[in-house]
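Just so it is clear: chains get the letters A, B, ... in the order the sequence lines come, proteins before strands, and each one is counted from 1.
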Number of protein chains: 2
Amino acid sequence: MLWPATEVAAKIDLIGEGDCPSVSTLLVDGLVARYKVLENGSRQIVAVHVPGDFVDFNSFLIRPLDHGISTLTPCRISKVPHALLRDIGETHPHLMRVFTLMALIDGAISREWVVNLGRRDATKRAAHLFCEIYTLLEVVVCVSDHAFSFPVTQSDLADMMGLSQVHVNRTLQDLRQMQLIEWTGGPMTIPNWRAMVEFAGFDPTYLHLVNAPR
Amino acid sequence: MLWPATEVAAKIDLIGEGDCPSVSTLLVDGLVARYKVLENGSRQIVAVHVPGDFVDFNSFLIRPLDHGISTLTPCRISKVPHALLRDIGETHPHLMRVFTLMALIDGAISREWVVNLGRRDATKRAAHLFCEIYTLLEVVVCVSDHAFSFPVTQSDLADMMGLSQVHVNRTLQDLRQMQLIEWTGGPMTIPNWRAMVEFAGFDPTYLHLVNAPR
DNA sequence: CGGGATTTTGAATCAGTTCAAAATGCGTGG
DNA sequence: CCACGCATTTTGAACTGATTCAAAATCCCG
């Protein structure tokens, strides 16, 4: 069963904080961020979603939504009514377990973000984030040779990493100079994956992917 | 149906990283932490659990466990076999939804930790953490008048907040001087809850408690 | 070619770290 | 009850990673 995928322009709020939609959104193409904004106006991105992710599975069982959801790039999305999810849960109880699993993995990734923000310096923090995003993309999209489209601003990166935009810029320069990333204008490539993983201390176990990448 | 609660001494690893137990642990009394350790030896606590929490509900559906679990204080725990959880899920499908809900709330708390580490300075970070823990305790335990037993070392706090132990010490002094906490030897008290919430920017929505406290 | 967004650079400042030592608290055994 | 020893807290001072502010350079799109 398929829904027509909708095109969405870049940098659009898919769902605002406090909204209570009766559909969940499946990301078909593009990148979306879940974020929170503090009183002082600063923003923290709390999760990044890749194609195949349920972007607000939460809203199926939890209200109100305690964070905003916004696209990072142009996206294609597909709306799945909560009524359908409920039906699935009732007629195929074993699929309900899949929902639980999705929620658990979401939490596992979130916990690794806590580690990333709490205990890694800017350079390793960036490296780890790129490892995570690449690994997730590799599973879903046809990604060739550790290169992937990543049309995201340094401000957005700053909000993912809990850093200032200026420092993100300097951090990226460091990673470039260390030959761990190539990223100027086009897609990001990680020329030496082994070195990158080693440097970032990246262990993909927490992603709980079925086909663990090498 | 009840299990005998087991006594556990303070600062004991309940479950080590990589373990695959066939039971989940319900926390009856005390505080436990889930943590990750980096290559360089630094530790980050990724979640704190209060009585009533399933401490490793994860392990029911996800393996291997990607983090360690350790007590912060002496605890009483109760082991619930996975087989039983599976039975419940099969015979009472609607309870499976409760499991999903638990997992979602766990994730929501984790995301707030990301915000706390990413975008709040040391003082507000500590304040927010104390607000969270107090609010969770208030629901479960008989806690009187914004005072609660919190026998945790400053090192443990440092690992929750992604700070050095020394800076935690100075941060606590600040909070004491601002009259936001009283904490010397005995239980921690928050003499002016309104001021504390205001200062920390604490909004308990993300905890998704049924009986929202004032 | 022009204009807004984004990236890059510089310099001063600040929040938090590190290292080291002193002070305090606390349980145990004499 | 005191003395000892270990864990924890507190203090100081030097240092460093990241922030802030401001301006210049570059990019991209129409």
Next item on the list: Going 5' to 3' through nucleotides 9-24 of chain D, assign each nucleotide B (protein heavy atom under 4.0 Å from a base atom), S (under 4.0 Å only from sugar-phosphate atoms) or - (no protein heavy atom that close).
Entry: SBBBB----SBBB---
Please tabulate the protein-to-nucleotide N/O contacts below 3.5 Å involving nucleotides 26-29 of chain D, giving atom names and distances.
none

Check: Is the closest side-chain heavy-atom distance between B:Phe150 and B:Leu157 below 4.5 Å?
Finding: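 When only atoms from C-beta onward are counted, B:Leu157 and B:Phe150 do touch, with a gap below 4.5 Å.
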Next item on the list: Could you name each residue pair satisfying salt bridge (Lys or Arg N to Asp or Glu O under 4.0 Å) that touches residues 170-186 of chain B, not counting sequence neighbours?
Entry: none
Note to self: Would the distance check show the side chain of B:Arg34 and the main-chain N or O of B:Ile69 forming a donor-acceptor pair, the cut-off being under 3.5 Å?
What the structure shows: no
Note to self: Donor-acceptor check, side chain of A:Asp56 to backbone of A:Thr25, threshold 3.5 angstrom: yes or no?
What the structure shows: yes
Check: Among all residues two or more places apart in sequence or in another chain, which pass the salt bridge (Lys or Arg N to Asp or Glu O under 4.0 Å) test with A:Arg43?
Finding: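 For A:Arg43 the salt bridge (Lys or Arg N to Asp or Glu O under 4.0 Å) partners, ignoring immediate neighbours, are A:Asp156, A:Asp159.
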Check: Can you name the salt bridge (Lys or Arg N to Asp or Glu O under 4.0 Å) partners of A:Arg111, sequence neighbours left out?
Finding: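 Listed in chain order: B:Asp106.
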Next item on the list: Go through the steps for A:Arg120 and A:Glu112 under the test salt bridge (Lys or Arg N to Asp or Glu O under 4.0 Å), then give the verdict.
Entry: CA-CA 11 Å; A:Arg120 276 192 263 264; A:Glu112 187 62 41; 2.6 Å; yes
Next item on the list: Could you tell me which residues satisfy ring-ring contact (aromatic ring centres under 6.0 Å, His included) with A:Phe99, sequence neighbours excluded, listed by chain and number?
Entry: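 For A:Phe99, the residues satisfying ring-ring contact (aromatic ring centres under 6.0 Å, His included) (neighbours in sequence not counted) are A:Phe57.
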Check: Can you tell me how far C1' of C:dA5 sits from CG of A:Leu72, to the nearest Å?
Finding: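 Distance, rounded to whole Å: 17 Å.
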